[in-house]
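To start, the structure under review is shown below, and the notes come after it.
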There are 2 protein chains.
Amino acid sequence: MKKQERQRYIKRLLSSNEIERQEDFVRLLRAEDIDVTQATISRDIKDMQLVKVPSVTGGYHYSMPVQKKMDTEKKLRRTLKDAYVSYATQDKFVLIKVLPGNGPALASLIEAMHYDNVFGTLGDDDTVLIIGKSLDATLDLQQTLQRLLSDN
Amino acid sequence: MKKQERQRYIKRLLSSNEIERQEDFVRLLRAEDIDVTQATISRDIKDMQLVKVPSVTGGYHYSMPVQKKMDTEKKLRRTLKDAYVSYATQDKFVLIKVLPGNGPALASLIEAMHYDNVFGTLGDDDTVLIIGKSLDATLDLQQTLQRLLSDN
DNA sequence: AGCTATTATGCATAAATATGAAAGGCTCGT
DNA sequence: ACGAGCCTTTCATATTTATGCATAATAGCT
């Protein structure tokens, strides 16, 4: 179906946090050859229960719904604790070793969080590579992950 | 100061989930003899990083920021697990027995979550009483609490 | 107190978002 | 293939939210 595909794109766009208004979605989707109006986006946003968050930097940006984010985080924390083996970082990269078989699941959970620090994620059988958007972003990210690992 | 007091009221109003637009805040604050315009509310909302959430029931309502909610939930879970003794429920009430001294802390954490099922919360030294908004709301709430207790 | 700088608010309005109504598509049963 | 019922989308527009600018309030000086 068309609607679902579009909404998948919208999800993907979420983490590139320059999305301040619905028209931005319209513009970005056009670049992907998906042609919609703001009205449709408004309804998609309602469907998907996205929220417009006042960001610390003064602007606004759209983001995942609270509940879903919380649920995902729980799964993420559990998976991390279950499967975590070791951890290394260099430059804008974070490399996590996990028990065999857990890489893909962990990677996709991290993606699902739509952290706006994360440029991309990539998981093979026993390794997850996370690429931060910047050096600072990567440091933040490390902290987030460590917090997740150390209970809270 | 005036602004902070108003924002405290706004926080309190949050959990009474009939708040669909900023004008609702204006109206409700007037009932408390706090006289402001929608413009101010808009700025408060930005300050406090509140979000307008598309609710499952089709409308919209304002709610706590994601991050804060997540942090509070972590503390809540920890406190629950630490201090939990026993649990009883009847009608729209949930009564939680906790280790002496932990009642007030737990109650205020529950308040801070701004669950929209909750009508009110009340904590003495070793007991917390939660009053749900309705029977269904109370059942939901129980589930939420049980989920919190059983790890996740 | 008086003066200045900073912050907060209201007004008016621009900007952004939501939505009714009409139109187009899709699915299914006949 | 046709039509009924159901979604989905757009257009036009109403509603809601954000903000520039002017003013008022507050806090800090001296």
Side-chain angles (χ1 to χ4, degrees), chain A residues 1-68 114 116, chain B residues 1-68 114 116:
Chain A
M1 194 197 276
K2 198 148 182 210
K3 183 179 167 185
Q4 292 184 358
E5 194 200 355
R6 184 185 57 244
Q7 295 197 348
R8 263 199 303 284
Y9 271 96
I10 288 180
K11 251 189 205 159
R12 207 159 302 149
L13 289 173
L14 268 186
S15 54
S16 50
N17 62 346
E18 10 232 342
I19 301 185
E20 305 205 315
R21 22 177 166 315
Q22 302 184 351
E23 290 290 356
D24 291 342
F25 280 116
V26 175
R27 195 168 34 71
L28 291 169
L29 286 173
R30 253 175 210 151
E32 312 261 10
D33 266 319
I34 299 178
D35 214 14
V36 278
T37 59
Q38 172 271 326
T40 300
I41 299 294
S42 172
R43 289 180 176 115
D44 281 343
I45 282 172
K46 193 170 188 173
D47 265 22
M48 306 167 72
Q49 294 186 243
L50 303 185
V51 293
K52 189 183 180 188
V53 190
S55 62
V56 276
T57 58
Y60 293 85
H61 70 273
Y62 278 93
S63 152
M64 290 281 287
V66 182
Q67 193 50 58
K68 250 200 173 143
H114 293 277
D116 42 317
Chain B
M1 194 199 272
K2 199 152 182 207
K3 184 179 167 185
Q4 291 185 357
E5 193 200 355
R6 185 184 56 243
Q7 296 198 348
R8 263 200 303 285
Y9 272 96
I10 289 180
K11 251 190 205 157
R12 205 158 304 149
L13 289 173
L14 268 186
S15 54
S16 50
N17 62 345
E18 10 232 343
I19 301 185
E20 304 206 317
R21 18 175 163 313
Q22 302 184 353
E23 290 290 355
D24 292 342
F25 280 115
V26 175
R27 196 167 35 71
L28 290 169
L29 286 172
R30 253 175 210 152
E32 312 262 9
D33 266 317
I34 299 177
D35 215 12
V36 276
T37 60
Q38 171 271 326
T40 300
I41 297 294
S42 173
R43 289 177 178 120
D44 282 343
I45 282 173
K46 192 170 189 173
D47 265 23
M48 306 168 73
Q49 295 184 245
L50 302 185
V51 294
K52 189 184 179 186
V53 190
S55 61
V56 276
T57 59
Y60 294 85
H61 70 273
Y62 278 93
S63 152
M64 291 280 288
V66 183
Q67 194 51 58
K68 242 190 178 157
H114 294 278
D116 42 319

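Chain identifiers are assigned alphabetically (A, B, ...) following the order of the sequence lines, protein sequences preceding nucleic acid strands; residue numbering begins at 1 within each chain. The shown structure was predicted, so the numbers you read here are calculated from the model rather than taken from an experiment.
For the atom pair L14(A) CG and L50(A) CG, the distance stands at 5.5 Å (nearest 0.5 Å). Interatomic distance, Q7(A) CD to I45(A) CD1, rounded to the nearest 0.5 Å: 10.0 Å. Expressed to the nearest 0.5 Å, how far CD of Q22(B) lies from NZ of K52(B) amounts to 7.5 Å. With values rounded to the nearest 0.5 angstrom, E5(A) atom CD is found 5.0 Å from I34(A) atom CD1.
Between R6(A) and dT8(D) there is no side-chain N or O to OP1 or OP2 distance below 4.0 Å. Dashed line: the shortest gap from a side-chain N or O of Y62(B) to OP1 or OP2 of dT17(D) is under 4.0 Å. Using a 4.0 Å cut-off, some side-chain N or O of K46(B) falls inside it from OP1 or OP2 of dT19(D). Between T37(A) and dT10(D), a side-chain N or O to OP1/OP2 separation shorter than 4.0 Å is present.
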Can you give me the N/O atom pairs linking the protein to nucleotides 21-23 of chain C at distances under 3.5 Å, or say none if there are none?
none

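R6(A) forms no cation-pi arrangement with Y9(A), by the criterion of a distance under 6.0 Å to the ring centre and an angle within 45° of the ring axis.
Protein atom CD1 of I45(A) is 14 Å distant from nucleotide atom P of dT17(D), rounded to whole Å. Rounded to whole angstrom, the span from the CD atom of E23(A) across to the C1' atom of dA18(C) amounts to 13 Å. A straight line from CD of E5(A) to C1' of dT9(D) spans 16 Å, rounded to a whole angstrom. Rounded to whole Å, the distance from OH on Y60(A) to C1' on dA15(C) is 12 Å. Regarding I41(A), its CD1 atom lies at a distance of 10 Å from the P atom of dT9(D), rounded to whole Å. When the P atom of dT17(C) is taken as reference, atom NZ of K52(B) falls 9 Å away, rounded to whole Å. Atoms CD (Q22(A)) and C1' (dT9(D)) sit 15 Å apart, rounded to a whole Å. In this structure, Q49(A) atom CD and dT17(C) atom C1' are separated by 17 Å, rounded to whole Å.
The side-chain heavy atoms of P54(A) and V51(B), taken from C-beta on, include a pair separated by under 4.5 Å.
Along DNA chain D, the nucleotide nearest Q38(B) and the nucleotide nearest D35(A) are compared for position; the residue whose nucleotide lies closer to the 5' end is D35(A). Position along DNA chain C of the nearest nucleotide to R21(A) versus T40(A) favours R21(A) as the more 5'-ward residue.
For the side-chain contact (heavy atoms from CB on, under 4.5 Å) test with L29(B), the passing option among D35(B), I41(B), D44(B), D24(B) is I41(B); the others fail.
Counting any heavy atom pair closer than 4.0 Å across all strands shown, F25(A) reaches no nucleic acid atom. Across all strands, S42(A) comes closer than 4.0 Å to base atoms (heavy-atom distances).
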